[in-house]
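Encoded as structure tokens, the structure appears first; notes follow it.
Throughout, residue positions are numbered sequentially from 1 according to the sequence presented. Note that these values count all heavy atoms, side chains included, but never hydrogens, waters or copies made by symmetry. It should be emphasised that the depicted structure is a prediction, and the values quoted were computed from it without experimental measurement.
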Amino acid sequence: MSWTPEIAMIAALLIPLAGGVFVGLLGKYPNLREGATLTAAVLLALNVAYLVSVTGARPELIYEIGSTGLSFGLKLEPLGALFAAVASGLWIVNSLYSIGYMRGNKEKHQTRFFVFFTIAIACAMGVALASNLLTMFLFYEALTLSTYPLVAHKGDDKARRGAAIYLAILLGTSIGLLLPAIIATQFIAGSTDFTVGGLLNGEASPLVASVLLVLFAFGIGKAALMPVHPWLPNAMVAPTPVSALLHAVAVVKAGVFAILKVSTYIFGPELIESAPASDWLAWIAAISIVLASIIAMSSNNLKRRLAFSTVSQLSYVTLGAMIAAPLALLGAALQIVMHAWGKITLFMCAGAIYTASKKTEISDMRGLGRLMPWTFGAFAVGAFAIIGLPPFGGMWPKLYLMMGAASTGQLALIGALILSSILNVAYLLPIPGRGFFDPAPKEALKQRGPLLVVLPPVMTAAGVTVLFFLIGPLTEFLAPVFGVEL
């Protein structure tokens, strides 16, 4: 039997789930269990690489649900292929890191941890390959439920409270706002299929489009647009590999991916531009970018600072979607990639610092860079990428977003992006700066961190540098989706 795109799409769901089964069966044998995790991660990445290579064929698998007019289906298109490639590629690195972190910190219930991790990745693949809103919604909800045990992993009162907030906000927004928006879309257009040019374009008036746009923007709570963002900092009670999953690999990327896909294939740029709500949603995104950065700057806990940094950086995607100019949409898509690699680097460095020193507060990390140069060096590179400095990949999204805003005459939004970069400098660079240039602490570290905790952030730091030079192939791959002329 030949390996076809249709088989590969199904395999993208089944490979991580099969990996989870083997992880569960091999739970008493840690080396074999973690070998199963890594094998599944590598196989998924290879499978997705094949899917990326055949994206132009636009394969699809559709199952009609009786005579309801609804369907469940998978379809390969460039945005979905991009998200799948990011999630599957970083799963390999995060799996290596998770092994080192969970062992280095002697975490309990490691088998359960790895099983739910595989389920979450499978759900992320489903979101990436969904052919319509109904399919995306089902996988989106499954992703929320499968990551709840990961957020609550430690099992103490703080973890249970954080996980309860996580679940309440994400389920509340999706059931209370996103689901009604999907039902309304089905009623208006007679379908929920992702359609080139926008399913609702020509079907909904600007006023109706505005109402739906608001429902989608806040109903997709994983995009963490203020004020539906509190689940994200509260989820920081989870082990650091989970934080990396939430902020870089699956959850928040599923949110902003959904925002971008809905904007592109359900509304279409023309309808968004005509909808009055798009202007003030763009301003809410801009305010979220700046305000979250200010909160990050005032946070002494490293993971909390990075969490609010993520709230800020995610709003770049929503901003690009609401501007709706081709270059802004391209910048939003690139932000999904570049932020994933930069932010996972920062979170893995935070976990490496904790594993070696048990320090979580930034004020206690002065001079640690002298003892952990690879970790703090990787953190500096990740910070440069988030700020948007060359030669690191994070420069490109900001550039294209600014160009998109300029093309529509929204110069004030460019100011918000510039101010955000200045605030990024203020809350990120002092961490490696003080780590390297302040005197080393008097107490010696008991360990510098296991190799599997230190090596992965170094790898992703190298990745954000490589991505800077891959901008040509990336833009060529995405340009047709947004009508960008190269």
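Closest heavy-atom contact between Ala307 and Phe347: N-CZ, 4.0 Å. Taking both residues in full, the closest heavy atoms of Ala405 and Ile414 are given as CB-CG1, 3.8 Å, listed atom of the first, atom of the second, then distance. Taking each heavy atom of Pro326 and Val484 in turn, the nearest pair found is O-CG2, 3.5 Å. Leu212 and Ala184 make their closest contact through CD2-CB, 3.6 Å (heavy atoms, listed as atom of the first residue, atom of the second, distance). Residue Val115 comes nearest to Gly24 through the heavy atom pair CG2-N, 3.8 Å, listed as atom of the first residue, atom of the second, then distance. The two residues Ala332 and Gly320 come nearest to each other via the heavy atoms CB-CA, 4.2 Å.
Cation-pi geometry between Lys261 and Phe194 is met: the NZ or CZ atom falls under 6.0 Å from the ring centre, inside 45° of the normal. In this structure, Lys222 is positioned above the aromatic face of Tyr140, its NZ or CZ under 6.0 Å from the six-membered ring centre and within 45° of the axis.
The main-chain N or O of Ala277 is found under 3.5 Å from a side-chain atom of Ser210 such that the two form a donor-acceptor pair. The backbone N or O of Ile7 sits less than 3.5 Å from a side-chain atom of Thr4, completing a donor-acceptor pair. Proximity of a side-chain donor or acceptor of Arg305 to a complementary backbone N or O of Tyr427 within less than 3.5 Å is detected. Distance alone, capped at 3.5 Å, places no donor-acceptor pair between the Thr185 side chain and the Thr192 backbone. Not one N or O on the side chain of Ser274 forms a donor-acceptor pair closer than 3.5 Å with the backbone of Ile272. In this structure, Lys398 contributes its side chain and Ile387 its backbone to a donor-acceptor pair below 3.5 Å. No donor-acceptor pair under 3.5 Å is formed between the side chain of Ser315 and the backbone N or O of Ser288. A donor-acceptor pair under 3.5 Å is formed between the side chain of Ser98 and the backbone N or O of Asn94. A donor-acceptor pair under 3.5 Å is absent between the side-chain atoms of Trp341 and the main chain of Ala462, judged by distance alone. With hydrogens and angles ignored, the 3.5 Å screen pairs a side-chain donor or acceptor of Tyr50 with a backbone N or O of Trp3.
Using a 4.5 Å heavy-atom cutoff, the side chains of Val208 and Glu203 are not in contact. The shortest side-chain heavy-atom distance between Tyr265 and Asp193 does not fall under the 4.5 Å cut-off. You'll find the side chain of Met322 reaches within 4.5 Å of the side chain of Ser263, heavy atoms only. In this structure, Phe308 and Ser293 have side chains that are not in contact, with every pair of non-hydrogen atoms separated by 4.5 Å or more. Counting heavy atoms from C-beta outward, Thr264 and Phe482 have side chains that approach closer than 4.5 Å. Side chains of Lys343 and Val252 form no contact here, defined as non-hydrogen atoms less than 4.5 Å apart. When side chains are defined from C-beta on, Ile323 counts as touching Gln410, because their heavy atoms get closer than 4.5 Å.
Going from atom CG of Leu260 over to atom CZ of Phe83 covers 11.5 Å, rounded to the nearest 0.5 Å. The distance from the CZ atom of Phe117 to the CZ atom of Arg112 is 14.5 Å, given to the nearest 0.5 Å. With rounding to the nearest 0.5 Å, the separation of CG in Leu417 from CG in Leu319 is 5.5 Å. One finds the CG atom of Leu423 at 10.5 Å from the CG atom of Leu428 (value rounded to the nearest 0.5 Å). With rounding to the nearest 0.5 Å, the separation of CD in Gln186 from CG in Asn132 is 9.0 Å. We find the OG1-CG distance between Thr135 and Leu133 to be 9.0 Å, quoted to the nearest 0.5 Å.
With hydrogens and angles left out, the side-chain atoms of Glu273 and Ser278 include no donor and acceptor closer than 3.5 Å.
Within a 6.0 Å sphere centred on CD of Glu270, heavy atoms belonging to other residues, nucleotides or ligands number 12 at most. Counting non-hydrogen atoms of other residues, nucleotides and ligands closer than 6.0 Å to CZ of Phe113 gives a total above 12.
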*Please report the C-alpha distance between Phe384 and Phe392 in whole Å, then the side-chain angles of each, then the deciding distance to 0.1 Å, and finally whether the ring pair (Phe, Tyr, Trp, His ring centres under 6.0 Å) criterion is met.*
CA-CA 7 Å; Phe384 292 147; Phe392 306 103; 5.7 Å; yes
*Could you walk me through whether Phe216 and Phe267 pass the ring pair (Phe, Tyr, Trp, His ring centres under 6.0 Å) check?*
CA-CA 11 Å; Phe216 277 112; Phe267 290 90; 5.8 Å; yes
*Test side chain to side chain contact (heavy atoms under 4.5 Å, CB included) on Trp283 and Leu413 and set out the steps.*
CA-CA 8 Å; Trp283 276 104; Leu413 297 178; 4.1 Å; yes
*For side chain to side chain contact (heavy atoms under 4.5 Å, CB included), just list the numbers for Met125 and Leu44, CA-CA rounded to whole Å, side-chain angles, deciding distance to a tenth of an Å, and then say yes or no.*
CA-CA 10 Å; Met125 292 298 107; Leu44 179 62; 4.1 Å; yes
_Candidate pair Leu470 and Trp396, rule side chain to side chain contact (heavy atoms under 4.5 Å, CB included), full reasoning_ = CA-CA 11 Å; Leu470 291 180; Trp396 297 115; over 6 Å; no
*asked:* side chain to side chain contact (heavy atoms under 4.5 Å, CB included) for Leu478 and Leu79? Distances and angles first, verdict last.
replied: CA-CA 7 Å; Leu478 292 169; Leu79 283 181; 4.1 Å; yes
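Applying the salt bridge (charged side-chain N to carboxylate O under 4.0 Å, His left out) test to every pair with at least one member in residues 36-62, sequence neighbours left out, gives these pairs: Glu60-Lys75.
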